[in-house]
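Heavy atoms only: backbone and side chains are in, while hydrogens, waters and symmetry mates are out. Throughout, a chain's letter reflects where its sequence line sits, starting with A, and its residues are numbered from 1.
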There are 2 protein chains.
Amino acid sequence: MDELDSALVQLLQRDARQTNRELARQLGIAPSTCLERVRSLERRGVIRGYHAEIDTAALNRGVQAFVAVQIRPLSRTVIDSFTEFVAGLPQVVSAFVVAGGDDFLIHVAVQDLDHLHAFLVDRLSRRREIISYRSSVIYQQAHNTVLAALDEP
Amino acid sequence: MDELDSALVQLLQRDARQTNRELARQLGIAPSTCLERVRSLERRGVIRGYHAEIDTAALNRGVQAFVAVQIRPLSRTVIDSFTEFVAGLPQVVSAFVVAGGDDFLIHVAVQDLDHLHAFLVDRLSRRREIISYRSSVIYQQAHNTVLAALDEP
DNA sequence: ATTGAAATCCACTTGTA
DNA sequence: TACAAGTGGATTTCAAT
C-alpha cells in the first residue's frame with residue numbers, strides 16, 4: 001500500500017467505472033502499469049468489489065430504520081444463527097454485532113411504515129432469542145463514499 | 001423500471017465493472033440497447049454511482065463503532081450544522097438522523113480503540129449541542145451488497 | 001515493478017426498422 | 001425502443017528493462 005495504491009483506491013471509490021486509461025492518466029503512469037496495480041489490489045483483497053449505488057426510492061424502499069436488538073443467551077451459536085437469519089431477510093441492508101447495551105444493530109429498508117411494522121412483528125419478534133428490540137426510523141442520512149486511509153500512529 | 005431495468009440494477013450492484021457487452025449477454029439483449037438502458041438509469045438517478053468496496057483493514061481502520069448522540073435544541077439549524085460537522089470528519093463513515101431516543105447515529109471507523117476514545121473526547125464532546133452520547137464497538141458485520149426492488153403492495 | 005507496442009476487444013454512434 | 005454494423009478507442013498481453 002504505497003501512495004500509488006492509496007490514490008487508486010481513492011479514485012475507484014469515487015467512480016468504479018472509470019476506464020483504466022483514465023485512471024493511469026490521473027496517476028501519471030502507463031495503462032499497463034495501472035492495470036497491474038489494480039489486479040494486485042484485487043488479488044490482495046484490498047479491493048473487495050465494485051458496486052453500483054442505487055437510489056432506495058427506485059427499489060421501492062421509502063422507509064429506512066435501525067433496529068437495536070438484545071438476544072439471550074449471548075452465545076456464539078445464538079449470535080451466528082441470528083446473524084444468518086437476519087442477513088437472509090430481503091428487508092435487511094446490514095447487520096452489526098455490537099458491544100454495549102444492545103447486541104445487534106440492524107439496518108432495514110422497506111416500502112413504508114406499514115411494512116416496517118410488519119417486519120418487526122412478523123419477522124423479528126417471532127425469534128425466541130430476542131428479549132427486546134427498539135426501532136428508530138431514519139429521517140436523513142449522509143454517506144461518505146470515499147474513505148481515506150488513516151495515518152499509522 | 002421494468003424487469004430489464006431491475007435485472008441491470010441487480011447485475012451492476014453485484015459487479016459494477018462488468019463490460020457493457022457482458023451485461024447485454026446476460027440479459028439477452030443487444031449491447032447498444034443495454035448501453036442505452038444503463039445511461040437511462042443513470043440519467044433518471046436510479047444509479048447514483050459506482051464505488052469500489054475497500055477492505056477497512058487496508059485503510060488502517062481496525063475499529064468500527066456506532067455512536068448514538070442526543071443534541072439540543074433539536075432545531076433544523078442545529079441538526080444541519082451538526083450533520084455538516086460530522087460528515088466532514090474523516091473518521092465518519094455515515095451519519096443518520098433518527099427518530100426515537102437518540103437523535104443521531106454515527107458510524108465511525110478508526111485505527112484502534114485509542115483513536116476511538118480520542119475521537120469521542122476531542123472531536124465529539126467539544127460540540128456544545130451534544131447533551132449525551134453512547135458508543136457501541138462493532139464486533140461483526142454483515143452487508144447486503146445487492147438489494148432487490150421490493151414488491152409494490 | 002514498469003513500460004511501449006501489438007493485438008484483441010469494447011464503447012459508442014449511426015442508420016434502420 | 002431495439003438492433004446491427006462500423007470506427008475509434010480501450011484493454012490486455014508480452015518482451016524488454
Query raised in the report: Would A:His115 and A:Val63 satisfy side-chain contact (heavy atoms from CB on, under 4.5 Å), going step by step from the backbone distance to the final call?
Result: CA-CA 9 Å; A:His115 283 83; A:Val63 167; over 6 Å; no
Query - Pair A:Arg123-A:Val86, side-chain contact (heavy atoms from CB on, under 4.5 Å): steps then yes or no - result: CA-CA 9 Å; A:Arg123 295 281 168 270; A:Val86 156; over 6 Å; no
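For A:Leu8 and C:dT2, the CG to P distance is 10 Å, given to the nearest whole Å. Spacing between atom CD of A:Glu22 and atom P of C:dC12 amounts to 13 Å, rounded to whole angstrom units. C:dA1 atom C1' lies 13 Å from atom CD of A:Glu3, rounded to whole Å. If you take CG of B:Asn20 and P of D:dG9, they are 18 Å apart, rounded to a whole angstrom. In this structure, B:Gln18 places its CD atom 14 Å from C1' of C:dC10, rounding to the nearest Å. Separating the CZ atom of B:Arg25 from the C1' atom of D:dC3 is a distance of 18 Å, rounded to the nearest angstrom. Between the P atom of C:dA11 and the CZ atom of B:Arg21 lies a distance of 7 Å, rounded to the nearest Å.
B:Leu35 CG to B:Arg39 CZ: the interatomic distance, rounded to the nearest 0.5 Å, is 4.5 Å.
The minimum heavy-atom distance between B:Gln70 and B:Gly101, with the atom names listed, is NE2-O, 2.9 Å.
One finds no salt bridge joining B:Glu22 and B:Arg17 here, because no Lys/Arg side-chain nitrogen approaches an Asp/Glu carboxylate oxygen to under 4.0 Å.
Among residues two or more places apart in sequence or in another chain, the salt bridge (Lys or Arg N to Asp or Glu O under 4.0 Å) test is passed with A:Arg127 by A:Glu129.
Under the 4.5 Å side-chain heavy-atom criterion for ILVMFWY residues, a single connected hydrophobic cluster contains both A:Phe119 and A:Val137.
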Please produce a list of atom pairs where a protein N or O lies less than 3.5 Å from an N or O of nucleotides 15-17 of chain D.
none

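Near DNA chain C, defined here as any heavy-atom distance below 4.0 Å, the residues from residues 26-48 of chain B are B:Ser32, B:Leu35, B:Arg39, listed numerically.
A 4.5 Å side-chain heavy-atom check between B:Val38 and B:Leu12 finds at least one atom pair inside the cut-off.
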